[in-house]
Structures are given as structure tokens and as C-alpha cells.
Amino acid sequence: MGSFMYIAILLLAIISAVHSCPPSDRAALLSFRAALNESYLGIFNSWKGYDCCHEWYGVSCDPTTHRVADINLRGESEDPLFEKAHRTGYMTGTISPSICKLERLSSLTIADWKGITGPIPSCITSLPFLRIIDLVGNKLTGSIPSTIGRLSRLTVLNVAENHLTGYIPRSLTNLSSLMHLDLRNNSIYGNIPTNFGKLRMLSRALLSRNKLTGHIPYSISYIYRLSDLDLSLNKLSGSIPPSLGKMHVLATLNLDGNNISGTIPPSLINSRINILNLSKNAIEGYIPDSFDERSYFMVMDLSYNKLKGRIPKSISSATFIGHFDVSHNHLCGQIPEGSPFDHLEASSFTYNDCLCGKPLKPCH
């Protein structure tokens, strides 16, 4: 009977070993954990025992290979652990290169911990199955790894709200599967790569609040699926490519707070764009007189530029204009009557050369 029990226990041990994560993945996770310090929520308290696939907080494994596939550690979460503590997470330390030993890793999310410093380990570009990199809301420094373009399966790259510097790597435009790119709120400098349009699967390109210079690449208009382009609060110059107004899906175009010059392309006025922010630039010339029933703007902000002439009469043929702001320009003449102007306040028109009519003073 004793020998039967021994064999049964041995078989159970062998079966559980087969179904648990390999020791190399467990060792890599423990080394990764050793470089981090999280003392408020105790999220790493569950990282014990031999099977890192079983109830290790934020770790998921492939059910077939039992290799670690996902690390999902968010500092802002509705998980009961956070609800119980009545607080968001705070973690310090660095992202250890030992993460690169998780050869089957598919998604890496270490987001909104506010205190994690150091660089993005460059070796993560050697992880061939990586689909998601989400490191938003930390204090990471250094640059985006120059070989990022090796990650042919990558669909999400979110490194927003960190302290990253350096250029946008030239290899980034090789990410043929990339759908979501978020680099906001860093100190990334240099030009947007001229062949940015190679990112044919991209639907959101969010690059605001950096130190980007140079022109807006014409090739962006080749990205058929792009719906949201935010290049605001950089140091971009040159003119707006008219081809942006001919894009079939582009709905949000934020270019505010740059050094953009030239005129407003008429193609932007009767396009699919419904949020258009060109404020705080050096745009000259007239507001294009090309509004029609295709013009539907929830937001149209042209304030703080060098626009002159009248507000075009065709604007009354727009299907809808919600928020409209042309203040701080050199506009003149009568503000058109009726919709959409009957719901706008004077602040939308102030600080021009000689605009008049409701909601400003009457014209003489």
C-alpha cells in the first residue's frame, strides 16, 4: 500500500511539473520581480510556489506550452486588490532585462506605476511573439530601442507619459502589424520618419507633447486606416499636406501648438475630419470657402494664427459645427447669421482686426 501511495504521489508530481511553467520562466519572473519595489498593495505576494502559471498575479501562460505568454501589471485597476486598498498603485525600481528570457512572451504591460525608472531593455526586440508593449505612465528614460522594427507581430506600442528622449527609431516604420502608436508626453526629438506611411495598419498615431521638429510627412496620407492623428504641442514646421484631407477614415486631426505655416488646405474643410485643431500656429491666408454638407465638425479650432479676410459664407451649408474658435487672428467683416453661429459665444471671435455682428458688436 505504501509503495502504491508513493507511486501515485510521484505521478501527481510529474503531471503537475508537466503542466506548470518551466523553471527558466519562473527564474526570469523572480529576477524581474527582484528589480521592482511595490510595498502598498502586495501584488507580488502571490508570486510563490513552483508553478508561475497558477495564481501568480498578472501572469498568464499559454495553455498548450505552459510558457509565460502575458505579463499584465497595471497601477490603475478595478481589481479587488486595488478596491480594498482604496488607492492606485505606486512602484519603483527598473524593468530587468531578465524579462527577455521569457521567449514566448506575447504581451508586456507594466503601466501607470508612476515611479519605475531606467531604460526600456533593448533585448525585448528579440522576443519574436511580442504583440503588445504597454509601458505608459512611468518614469522610464533613454530612448525607444533602435531595433524595435524587428517585432513583426507588434500591434500596440504605448510608451506615453514617461521621460523618454532620443529619436523615433528609423526601424519603427517596419512594424507592419502596428495598429496603435502612443508616444505622448515624452521628450522625443528629431523628425517624424519620412516613410511613416509604411505603417499601413495604423489606426491611431499619438505623438503630442514631445520635441519633434521638421515637416509633417506626406506619406502619412497613405495610411488608409488612420482615424486619429495627434501631433500637437511639438515644434513641427512647414505646411499641412493637402492629402490629409483626402483620407477616408481620418476623423481627428490635432496639429495645435506647433510652428506650422502656409495656408489651410481646402481639402480639410469638406473631409471626413470632425475634430480639427490647428490653433497656436503661424497659419496664414484665408479660411477656405469650401464648406458643404460633408462638413461636420464637433470641434474646429483655428484660433491664435495669422488668418485674414472674412468668415466664408459657405460655412452656413455645413451639416454641423459644434465648438468653433477663430479668436486671435486678423479676420474682418460680418459674422454670418444663423446656424452654427447662433449658439456661439463672443470668445470664439474676439481679438481679431474688425469682425462684427452677433455675438460681437453690430456692424456699422
Side-chain angles (χ1 to χ4, degrees), residues 181 191-208 212 214-234 236-326 329-331 336 339-341 348:
L181 175 65
N191 294 0
I192 300 168
T194 52
N195 63 347
F196 197 80
K198 278 175 67 184
L199 298 168
R200 293 296 165 88
M201 299 298 286
L202 203 61
S203 64
R204 302 188 82 202
L206 311 175
L207 281 67
S208 65
L212 298 170
H215 294 192
I216 299 166
Y218 179 89
S219 70
I220 287 179
S221 57
Y222 303 153
I223 308 175
Y224 182 82
R225 299 164 187 262
L226 192 65
S227 65
D228 189 350
L229 178 61
D230 188 354
L231 305 177
S232 62
L233 301 162
N234 279 289
L236 298 170
S237 56
S239 56
I240 301 166
S243 53
L244 294 182
K246 299 192 172 94
M247 294 176 71
H248 291 285
V249 187
L250 190 65
T252 301
L253 179 60
N254 289 324
L255 303 178
D256 50 297
N258 280 287
N259 301 321
I260 294 166
S261 55
T263 57
I264 299 172
S267 58
L268 297 186
I269 301 301
N270 49 27
S271 64
R272 301 286 177 94
I273 297 167
N274 56 49
I275 295 175
L276 178 65
N277 192 343
L278 307 180
S279 67
K280 298 184 175 69
N281 279 290
I283 298 168
E284 301 172 311
Y286 302 93
I287 300 171
D289 194 7
S290 53
F291 290 84
D292 59 24
E293 67 281 351
R294 289 172 296 178
S295 307
Y296 185 103
F297 290 99
M298 289 187 284
V299 174
M300 178 181 251
D301 193 343
L302 311 177
S303 62
Y304 291 92
N305 278 291
K306 297 176 180 179
L307 298 169
K308 61 184 180 181
R310 294 174 171 268
I311 295 171
K313 286 191 175 163
S314 66
I315 201 163
S316 56
S317 60
T319 299
F320 178 76
I321 296 182
H323 174 80
F324 179 75
D325 193 344
V326 291
N329 278 288
H330 300 293
L331 299 172
S339 180
F341 299 99
S348 294

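The basis for the numbers below is simple: all heavy atoms, side chains too, and nothing from hydrogens, waters or symmetry mates.
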By side chain to side chain contact (heavy atoms under 4.5 Å, CB included), which residues pair with Ser261, not counting sequence neighbours? none
Could you pull out the closest heavy-atom pair between Asn305 and Leu278, with the gap in Å? ND2-O, 3.0 Å
Lys306 to His330 - nearest heavy-atom pair and separation: CA-CD2, 4.0 Å
Would you say the side chain of Tyr222 lies within less than 4.5 Å of the side chain of Arg200, judging by non-hydrogen atoms? yes
Check whether any side-chain N or O of Ser219 sits under 3.5 Å from a backbone N or O of Gly197 as a donor-acceptor pair, and report yes or no. yes
Is there a side chain to side chain contact (heavy atoms under 4.5 Å, CB included) between Ile287 and Ile315? Walk through the geometry before answering. CA-CA 10 Å; Ile287 300 171; Ile315 201 163; 6.0 Å; no
Give, for atom CG of Asn195 and atom CD1 of Ile220, the distance between the pair rounded to the nearest 0.5 Å. 11.0 Å
From CD1 (Ile321) to CG (Asn274), nearest 0.5 Å: 12.0 Å
Tell me the closest heavy-atom pair linking Ile260 and Asn281, and the distance in Å. N-OD1, 3.1 Å
List the steps, then state whether side chain to side chain contact (heavy atoms under 4.5 Å, CB included) holds for Leu181 with Leu202. CA-CA 8 Å; Leu181 175 65; Leu202 203 61; 4.0 Å; yes
Atom pair CZ (Arg204) and CG (Leu226), whose distance is rounded to the nearest 0.5 Å: 10.0 Å
To the nearest 0.5 Å, atom CG of Asp325 lies from atom CG of Asn329 at 8.5 Å
Strictly distance-based, threshold 3.5 Å: is any side-chain N or O of Ser227 a donor or acceptor partner for the main-chain N or O of Ser203? yes
With sequence neighbours left out, which residue pairs that include part of residues 267-310 fulfil the ring pair (Phe, Tyr, Trp, His ring centres under 6.0 Å) condition? Tyr296-Phe320, Tyr304-His328
Applying salt bridge (charged side-chain N to carboxylate O under 4.0 Å, His left out) as the test, list every pair that has at least one member in residues 287-303; sequence neighbours left out. Asp292-Arg294
Provide the closest heavy-atom pair for Ser290 versus Ser314 in the form atom of the first, atom of the second, distance. N-OG, 3.6 Å
Pairs in or reaching into residues 238-249: which pass side chain to side chain donor-acceptor pair (under 3.5 Å), with residues at least two apart or in two chains? Ser221-Ser243
Any side-chain heavy-atom pair from Leu236 and Leu255 closer than 4.5 angstrom? no
How about Leu302 and Ile283: do any of their side-chain heavy atoms sit closer than 4.5 Å? no
Output for pair (Leu229 CG, Ile216 CD1), nearest 0.5 Å, gives 7.5 Å
Compare every heavy atom of Leu250 with every heavy atom of Leu244, then report the nearest pair and how far apart it is. O-CD2, 3.8 Å
So the ring pair (Phe, Tyr, Trp, His ring centres under 6.0 Å) pairs with at least one residue in residues 257-280 (sequence neighbours excluded) are none
Flag if over 12 foreign heavy atoms under 6.0 Å of CZ, Arg272: no
Gap between atom CG of Asp256 and atom CG of Leu276 - 0.5 Å precision: 10.0 Å
Could you tell me if the side chain of Asn234 sits less than 4.5 Å from the side chain of Ile192, heavy atoms only? no
Write down the atom of Leu199, the atom of Ile223, and the distance for their closest heavy-atom approach. O-CG2, 3.2 Å
Would you please name every residue forming a side chain to side chain donor-acceptor pair (under 3.5 Å) with Lys198, sequence neighbours left out? Asn174
